[in-house]
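FYI, side chains are in, hydrogens and waters are out, and symmetry mates aren't considered; it's all heavy atoms of this structure.
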Amino acid sequence: MPKEKATTRKSKKADAGGKKKKDPNAPKRGLSAYMFFANEQREKVREDNPGIKFGEVGKILGEKWKALSEKQRQPYESKAAADKKRYEEEKVAYANAGDEDEEDED
DNA sequence: CCGTTGATTGTTGAC
DNA sequence: GTCAACAATCAACGG
């Protein structure tokens, strides 16, 4: 059942005095295949659509991304997976955090 | 054991 | 500095 929820990621900015800390070290996850894909295509897309704004590029980028074959996404997914690994390290360090004395926390 | 959620990632463009 | 569609993600937690 697809959760037709447009990522409830709302304004992910500095909360006004909000003490809603999810994670102490907050190990940012790795990037997404789309992120890597966008990194390469963004130039190409804009190249084919010079002068267009994000609205266009974003959509074109998305449809193009899906236009790729699984094997074509491999390099992107590979990077995504590699980035995920990166996150894993942070995650580990995050889990390790607490053992060593923190420098300063406030 | 299973599934949900939330948080996050990066692009551009403009104010 | 922030947000917005676009897409993936996937790790953590709970009962």
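Here dA11(C) presents its P atom at 14 Å from CD of E89(A), a figure rounded to the nearest Å. One interatomic measurement links the two molecules: CG of L31(A) to C1' of dC10(C), which rounds to 14 Å at whole-angstrom precision. Separating the CD atom of Q41(A) from the P atom of dA5(C) is a distance of 22 Å, rounded to the nearest angstrom. Distance NZ (K44(A)) to P (dC6(C)): 22 Å, rounded to an integer number of Å. Residue R86(A) contributes atom CZ, which lies 20 Å from atom C1' of dA8(C) at whole-angstrom precision. Spacing between atom CG of D83(A) and atom C1' of dA8(C) amounts to 12 Å, rounded to whole angstrom units. One atom, CD of E90(A), and another, C1' of dT9(B), lie 12 Å apart when rounded to the nearest Å. Rounded to whole angstrom, the span from the NZ atom of K79(A) across to the P atom of dT9(B) amounts to 16 Å.
Comparing dC10(C), dA8(C), dT9(C) by their nearest atom to the side chain of R73(A) picks out dA8(C). Listed candidates were dA11(C), dA7(B), dA7(C). Nearest to the side chain of M35(A) is dA7(C). Here the nucleotide nearest the side chain of K28(A), chosen from dA11(C), dT9(C), dT8(B), is dT8(B). For S32(A), taking side-chain heavy atoms from C-beta onward, the closest of the listed nucleotides dA11(C), dG10(B), dT9(C) is dT9(C).
At a threshold of 4.5 Å between non-hydrogen side-chain atoms, the residues D48(A) and I60(A) do not count as touching.
Contact between the side-chain N/O atoms of K91(A) and the OP1/OP2 oxygens of dA12(C) is found at a separation under 4.0 Å.
Legend: side chain to side chain donor-acceptor pair (under 3.5 Å) pairs involving residues 50-71 of chain A, not counting sequence neighbours, sorted by first then second residue: S69(A)-Q72(A).
With sequence neighbours left out, the side chain to side chain donor-acceptor pair (under 3.5 Å) criterion links E88(A) to K84(A). Every side-chain contact (heavy atoms from CB on, under 4.5 Å) that E89(A) has, sequence neighbours left out, goes to R86(A).
When heavy atoms are screened at a 4.0 angstrom cut-off, Y87(A) is found touching the sugar-phosphate backbone but no base atom.
Counting distance only, with no hydrogens placed and no angle test, the side-chain atoms of R42(A) and the base atoms of dT11(B) include no donor-acceptor pair under 3.5 Å. Counting atom types as modelled, R29(A) pairs a side-chain N or O with a base atom of dT9(C) as donor and acceptor under 3.5 Å.
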Show me the donor-acceptor pairs, under 3.5 Å and distance only, between side chains in residues 29-45 of chain A and residues at least two apart or in other chains.
residue : atom : partner : partner atom : Å
Y34(A)  : OH   : G62(A)  : N            : 3.2
N39(A)  : ND2  : M35(A)  : O            : 2.7
R42(A)  : NE   : N39(A)  : O            : 3.2

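Mapping Y34(A) and A81(A) onto DNA chain C by nearest heavy atom places Y34(A) at the nucleotide closer to the 5' end.
The stretch residues 51-68 of chain A touches DNA chain B through I52(A), K53(A), F54(A), each having a heavy atom within less than 4.0 Å of the strand.
Listed by chain and number, the hydrophobic cluster partners of F54(A) come to none, as no ILVMFWY side chain reaches under 4.5 Å of it.
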